[in-house]
Amino acid sequence: MQTQLVHHMTLAATSEEVAGAAVTLALVLCGFAAIVLFLSALVSILKSRLTGGMKLVWIAFAFAAPFLGSLGWFVIGRKDARRRPGVV
């Protein structure tokens, strides 16, 4: 009986293991979200109506600072690209 109890206690997850797994899962999900944000920003930049030089600037900014560059594109750059109807 005592050996079964010891066996079950060793199989039971401790609170530290559960917390560690939760933190790992959260980090993986955040990393995945950052990758999706970066790739969608690159696609959006390439499909925008900006000139080639401005596209290159935004792509360089996105690669230099993947999270902030991508976020900057969606907050600032995309609106600027829509305001310039004459830019091809």
Side-chain angles (χ1 to χ4, degrees):
M1 181 73 127
Q2 190 176 23
T3 57
Q4 284 181 336
L5 182 61
V6 170
H7 180 68
H8 285 289
M9 288 176 63
T10 58
L11 291 179
T14 64
S15 61
E16 292 90 17
E17 290 172 336
V18 172
V23 168
T24 301
L25 179 63
L27 289 174
V28 167
L29 289 176
C30 286
F32 182 72
I35 290 170
V36 168
L37 177 69
F38 176 72
L39 292 177
S40 61
L42 287 181
V43 169
S44 180
I45 292 167
L46 291 174
K47 287 185 174 184
S48 72
R49 296 172 24 184
L50 293 175
T51 61
M54 282 306 296
K55 284 182 184 182
L56 185 62
V57 168
W58 276 107
I59 289 172
F61 187 50
F63 271 103
F67 181 74
L68 290 177
S70 300
L71 196 61
W73 165 253
F74 285 116
V75 172
I76 299 168
R78 218 164 128 184
K79 290 178 187 177
D80 188 43
R82 287 182 185 164
R83 271 190 268 158
R84 299 179 184 207
V87 176
V88 180

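Only heavy atoms go into these numbers, but all of them, side chains included; no hydrogens, no water, no symmetry mates. None of the values given here were measured: they were computed from a predicted structure.
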Distance from [X] atom [atom1] to [Y] atom [atom2], nearest 0.5 Å?
{"X": "Leu50", "Y": "Lys55", "atom1": "CG", "atom2": "NZ", "value": "7.0 Å"}
{"X": "Cys30", "Y": "Ile35", "atom1": "SG", "atom2": "CD1", "value": "11.5 Å"}
{"X": "Arg49", "Y": "Met54", "atom1": "CZ", "atom2": "CE", "value": "14.5 Å"}

* Mind checking ring pair (Phe, Tyr, Trp, His ring centres under 6.0 Å) for Phe63 and listing every partner two or more places apart, or none if nothing turns up? => Phe38
Measure the shortest side-chain to side-chain distance between [X] and [Y] over non-hydrogen atoms and say whether it is less than 4.5 angstrom.
{"X": "Phe61", "Y": "Val57", "result": "no"}
{"X": "Leu46", "Y": "Ile59", "result": "yes"}
{"X": "Val23", "Y": "Leu27", "result": "yes"}

* May I have the step-by-step check of side chain to side chain contact (heavy atoms under 4.5 Å, CB included) for Leu25 and Leu29, ending in yes or no? => CA-CA 6 Å; Leu25 179 63; Leu29 289 176; 4.2 Å; yes
Result block: side-chain N/O donor-acceptor pairs under 3.5 angstrom for residues 65-76, not counting sequence neighbours:
from: Ser70; atom 1: OG; to: Pro66; atom 2: O; distance (Å): 2.7
from: Trp73; atom 1: NE1; to: Ser44; atom 2: OG; distance (Å): 2.9

* **Path from Leu37 to Leu39 over hydrophobic side-chain contacts below 4.5 Å** => yes
